[in-house]
Amino acid sequence: MDSDLIQGTLDLLILRTLQPGPAHGHTVAHAIARQSDEVLQVEHGSLYPALHRLEDRGWIASFWGTSENNRRARYYRLTPLGRKQLAQRTSRWDELVRAINRVLRPLADDSGRSA
Amino acid sequence: VSWRRFLRRARWDDERRRELETYIEIETDENVARGMAPGAARAAAYRKLGNPTLVREEIYRMNTATFVETLWQDVRYGFRTLRASPTFTTAALLSLTLGIGANTAIFQLLNAVRLRPLPVARAHEIVEVRVDPQSAPNGRTGAFFGARPMMSWPVFDRVRREQRVLESAFAWGSAAFDLSTGGESRVVPGLWASGELFQALELTPAAGRLLTAADDSACASRAVVVSHDFWQREYGAAADAVGRTLHLDGEPFQIAGVAPAGFFGIEVGRRFDVAAPLCAIAVLRPRVDALRRGDVWWLSVMGRLKRDITVEAATAQLASIAPGIFASTLPSRYNASDAKNYVGFRLAAFPAGTGVSALRSTYAQPLWVLLTIAGFVLLIASANLANLLLARASARERELAVRLAIGASRARLLRQLLVESLMLAAAGAVLGAGVARALSGALVRGLSRDSASAFLNLSMDWRLLAFTAGLSVITALIFGLAPAVRATRTPPGAAMKIGARVTGANGFGIRRALTIGQVALSFTLVTAAVLFARTLGNLANVDAGFRADGVLVANFDHRRAGIEPDRLLIVQQDFLRRLEHLPGVQTIASVSIVPISGSGWNQSITVDGARHQDPSNINRVGPRYFETMGMPLLAGRTFDARDVDGAPAVAIVSRSFAEKYFQAPAPLGRAFYFDQNVGEPPFTVVGVVADSKYGDLREDAGPIVYLADTQEPEPVPDLSIVARAARPDVDLRAAFTAAARELHAGTLVSYQRLTETIDRSLVRERLMAMLSGFFGALAGILAAVGLYGVMSYVVARRRGEFGVRLALGAQPSTVMRMVLGEAGIVAGAGVAVGIGLAVLAGGWAETLLFGLRARDAATYAAAGLAVAAVTGVAAAIPARRAARVSPTIALRQE
């Protein structure tokens, strides 16, 4: 996938993954891969700079905790600012998808029926 | 980038490492749980993660101010490179130190003389109130005392009461006080200060209190203030110095307090040791009557502008009160035309935030000229450095090509090379600041010969700092940019060819152009040096109209000798006769104005009822003055025993006087009046002497009238004489001092040779000649070094060609001529450009010259010869080398 696209969407995906509650890097990576039905195949390592960048912006915060299998792991959680960003970005993403769809499939309804 | 993370990025990186390890551990655990072997499980985990080091590097970079980081690398790398080539570094540092040092020293003086504000709060508010020169086309008449005689006391008194635009008006004058109580005189610089001065300048005392209006109104307190400097020198900064008695010209005063450190007075170039209230002049100089007379000019009036008052608004208000002030203070001694002048004076305010200075008119322009010259020297030195760096760039081409090839960006390499240049320039600036300190100190001591105690504040301020820093950055760019651009321009492929002759001709064009520029600049500077040296020579050899050699000037101050005024003339005449008969004395004469000493006295002349507006200089001398000074008598007689007080007043005039006022070469028996004496008996011309210079060697010899010392109605208590010894090796001073002490123990004596007096009047010219000579020589040497470098390079490059020519039978002299010819083209082009520069710059320095024009063919020829000689020597060495190329060795290298 194109790196620019990944960067923008990766931020969104990370925020979305953290919405239910804190998670460490390994969980986030696997969650993104699993929930996208393994379509978004990125090296899990590239996740970490993104986590770092989001933390730098103050959208997520981190702390050291203990994982399910008793490993010391760095956990990330959404900050209030991050939560707001997630809401904004999600709606903007939806708009974008709708717009792109209108362009790509101008007769979506008809073709849907005829298909 | 957050600075917190930048500064703790090592720790941050460690956290990331642990975080990534956690990922590997968890993933491995899960893989093992799925049944993989531990080794394979770990390997799979790494595959999933990617390269952890790359991830860490990416995050590390996010935490880094890359610019700062790599800049520090550049600095360390530059330091190592410079240390690795000590010869280059030393040569570069030496030229930069001298170049920047010379510029900083001159700027330091310029800053002190011209730019620095007065050491008082809000100096920019200070203005000087004086007579607008435009309202006084005929100047002011009367008696002038001190360094800035702008105002009389009566006018000052009216101004301070009637002005509405200044917080308060104050006045000051320069003075000299004798602190001795007998014996050797000990004269220190002093300040007459009105009571408002210290408060108006918002100064706080370092000890005791400062003078107030009360001290100045009655003078009953007899209080004086000493400078901080004097307090430390004289009293070791003791607190009990306050209250002690200080004798000024024998009169007791009490030290009321100490002025703050750094306050040197208001006149730049002078400092004061003791400040006395204005009223003290009535006690110390009773004859002058300075507190009553409107035609005694001795004060400078200043004040701080009120809030929201501009200089223009202040001038408007002062102009409105001026007519009343001048009408009511009209000096009674003035004749009609002086009075008409006087009542037409207007007052105006002039900005004085940087103080006032007599040094400015004399030295500001020479200093600008010297700064330009020093700037040229720095340019020439920079060109040499650029040449050296270009040569080094060729040598480093391979290294830079490798770095470009493995991915360094060109901008990064450029920056690294410029950082090296900047480091050199910065080190040169730091060392240069030290050189400047020593140099400017020496220059001020040189100036001190001119005005007894030149004092300039040379300490560091932001202007000086900015100048030096700016200079070093500009220098670094000048000498570093071109070589750096060139060094990073060669394509890596070309540079890396094994054994390739990478030093192509493309760098040579720059180097040749640089050398032409150097020769041109050095020609211009040598021209300047020759011009200023010839100016000094012209002045030293100018016909002053008298023979200064062997003339001793002595001053005998009888003020403390307690001689009654009505006996003074008799006592002095007796004393002169006694001196005349001392062994070793050939001739002796009293004189009131020692020529070329800077003092003067002039009045307008009325002949046959017609008053000439142009005044004549006046001197009062003893009978044998002309003989002592070696001035030939052209007609008539000198003064003699007939010319006593009460006899008809006689005068001896110079030839110019005779021709200007009488249109006759020998107007013996003709009469004239000084302007204000019309109605009194006239002066009759009894002799004509040759012309001589009066106040300044630079002036033309104008009209001078000599009056008889023996007809002096009011003798002065300090007697100046000129004396010529019978033989040149006789020193008359000891005998004179003994005679003076014999007459009265309280007599103060001082001496100076007339040649020293003249020397002192030429300090500026000597300074210009010395410094421009030094800079010119430096420029010549630097240009020669530059040419030498370029020609050596030419010879090295064409070594093979010369070898072939010699092998085929060319004479060594032919080869030598070829090299010299090439050098000649460079030097010739340089001189041609230099002549253009000299012609352009010539007009600017014209006013500093004497007896010659700036655009002077003979000077150009001399400078051209000097440059040709130096560059010839510089080219001869590589030329000889070319002629001695061994054909076999050269051919083997091909």
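Order of the sequence lines fixes the chain letters, A, B, ..., with proteins taken first and strands second; residue numbering starts at 1 for each chain.
Residues of residues 20-29 of chain A placed with any heavy atom under 4.5 Å of a heavy atom in chain B are listed by number as A/H24, A/H26, A/A29. Residues of residues 462-482 of chain B never come within less than 4.5 angstrom of chain A, heavy atom to heavy atom. Within residues 26-36 of chain B, the residues having any heavy atom closer than 4.5 Å to a heavy atom of chain A are B/I26, B/E27, B/D29, B/E30, listed by residue number.
Using the six-membered ring where Trp is involved, A/H44 and B/Y23 have ring planes that are perpendicular, over 60° apart on the 30 and 60° scheme.
Here B/Y46 pairs with nothing under the side chain to side chain donor-acceptor pair (under 3.5 Å) rule; sequence neighbours left out.
Heavy atoms only, all atoms of each residue included: A/Y48 and B/V55 are closest at CB-CG1, 3.8 Å.
A/R16 CZ: 12 or fewer foreign heavy atoms inside a 6.0 Å radius. Taking a 6.0 Å sphere around CZ of B/F79, one finds it holds 12 or fewer heavy atoms contributed by other residues, nucleotides or ligands.
For the side-chain contact (heavy atoms from CB on, under 4.5 Å) test with A/P49, the passing option among B/E58, B/R16, B/R56 is B/E58; the others fail.
When side chains are defined from C-beta on, B/E15 counts as touching A/W64, because their heavy atoms get closer than 4.5 Å.
If you measure heavy-atom distances from B/E19 to chain A, the contacts under 4.5 Å come from both the backbone and the side chain.
B/T22 contributes atom OG1, which lies 10.0 Å from atom OH of A/Y75 (distance to the nearest 0.5 angstrom).
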